[in-house]
Amino acid sequence: TPEAHATAWKTLRDAKCVLVPGGFGDRGVRGMILAAKYARENNVPYLGICLGMQIFVIERARSVLGLERANSTEFDAQITDPVVIFMPEGSRTHMGSTMRLGSRRTLFQTPDCLASKLYHNPEYVDERHRHRYEVSWQSDHE
């Protein structure tokens, strides 16, 4: 309803930060992307956990990089600009206990990329992951 819409936007505008937690599927994704865009455009701190990180990556790819069709393969398996993809070692049929848990080494394709500078390591980063999807960023998007 228009009233619910107005209330939701007022709540967002009054927030000191935006937290988009984990979840599965595409329910509410369009609204989450709008919230991430609002946070970015208005310098509101944003924390995306799991699904929330996917939302952040999709919004930034669309708005900042101009990839209008950027999306996660979780929401559209046929997307032309996949910026979040199903992890290659995962099982699409067995869902129980199949999430990647613990630390994972991610190798950088270029030693001078932004991530290598942030982590002060030109070769790799070890980070904790817990999801079936991962960011798939190609160097030609930078």
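Since the model is a prediction, treat every value here as computed from it, not as a measurement. What's counted below: heavy atoms across the whole structure, side chains too, no hydrogens, waters or symmetry copies.
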Subject >> All side-chain contact (heavy atoms from CB on, under 4.5 Å) counterparts of S63, not counting sequence neighbours >> reply: K37, R40, E59
**OP:** For the residue pair E68 and D81, establish whether any side-chain heavy-atom pair is separated by less than 4.5 Å.
**Re:** no
Original post:
Is the side chain of T110 donor-acceptor paired with the backbone N or O of C113 at a distance under 3.5 Å, no angle test?
Top reply: no
Original post:
Hydrophobic clusters join Ile, Leu, Val, Met, Phe, Trp and Tyr when side-chain heavy atoms are under 4.5 Å apart, directly or via other members; which others share one with Y124?
Top reply: L107
**OP:** State, yes or no, whether a side-chain contact exists between R62 and L67 at a heavy-atom distance under 4.5 Å.
**Re:** no
Subject >> Heavy atoms from other residues, nucleotides or ligands near OH of Y38 exceed 12 (cutoff 6.0 Å) >> reply: yes
**OP:** Could you check if a side-chain atom of F75 sits within less than 4.5 angstrom of a side-chain atom of V84, using non-hydrogen atoms only?
**Re:** no
Original post:
Looking at A70 and V83, what are the two nearest heavy atoms and their distance?
Top reply: CB-CG1, 4.0 Å
Original post:
Does I58 reach the side chain of S72, with side-chain heavy atoms less than 4.5 Å apart?
Top reply: yes
**OP:** Might you work through the side chain to side chain contact (heavy atoms under 4.5 Å, CB included) test for V20 and F56, ending with a clear yes or no?
**Re:** CA-CA 9 Å; V20 178; F56 171 83; over 6 Å; no
Subject >> Sequence neighbours excluded, every pair satisfying side-chain hydrogen bond (donor to acceptor under 3.5 Å, both in side chains) that has a member inside residues 21-30 >> reply: none
Original post:
D112 and K117: which non-hydrogen atoms are nearest, and at how many Å?
Top reply: O-CE, 3.1 Å
**OP:** Give the minimum heavy-atom separation between C50 and G22, together with the two atoms involved.
**Re:** CB-CA, 3.7 Å
Subject >> Pairing residues for K10 by the side chain to side chain donor-acceptor pair (under 3.5 Å) criterion, not counting sequence neighbours >> reply: D14
Subject >> Partner set under side-chain contact (heavy atoms from CB on, under 4.5 Å) for A39, not counting sequence neighbours >> reply: V18, V44, Y46
Subject >> Minimum-distance pair of heavy atoms, taken over all atoms of F108 and N121 >> reply: CE1-O, 3.2 Å
Original post:
Between CG of L34 and CD of E41, what distance do you get to the nearest 0.5 Å?
Top reply: 10.0 Å
Original post:
Should V29 and F86 be counted in the same cluster of Ile, Leu, Val, Met, Phe, Trp and Tyr side chains packed under 4.5 Å apart?
Top reply: yes
Original post:
Residues two or more places apart in sequence or in another chain: which of them pass side chain to side chain donor-acceptor pair (under 3.5 Å) with T80?
Top reply: R69
Original post:
How many angstroms lie between CG in L19 and CD1 in I49, if you round to the nearest 0.5 Å?
Top reply: 5.0 Å
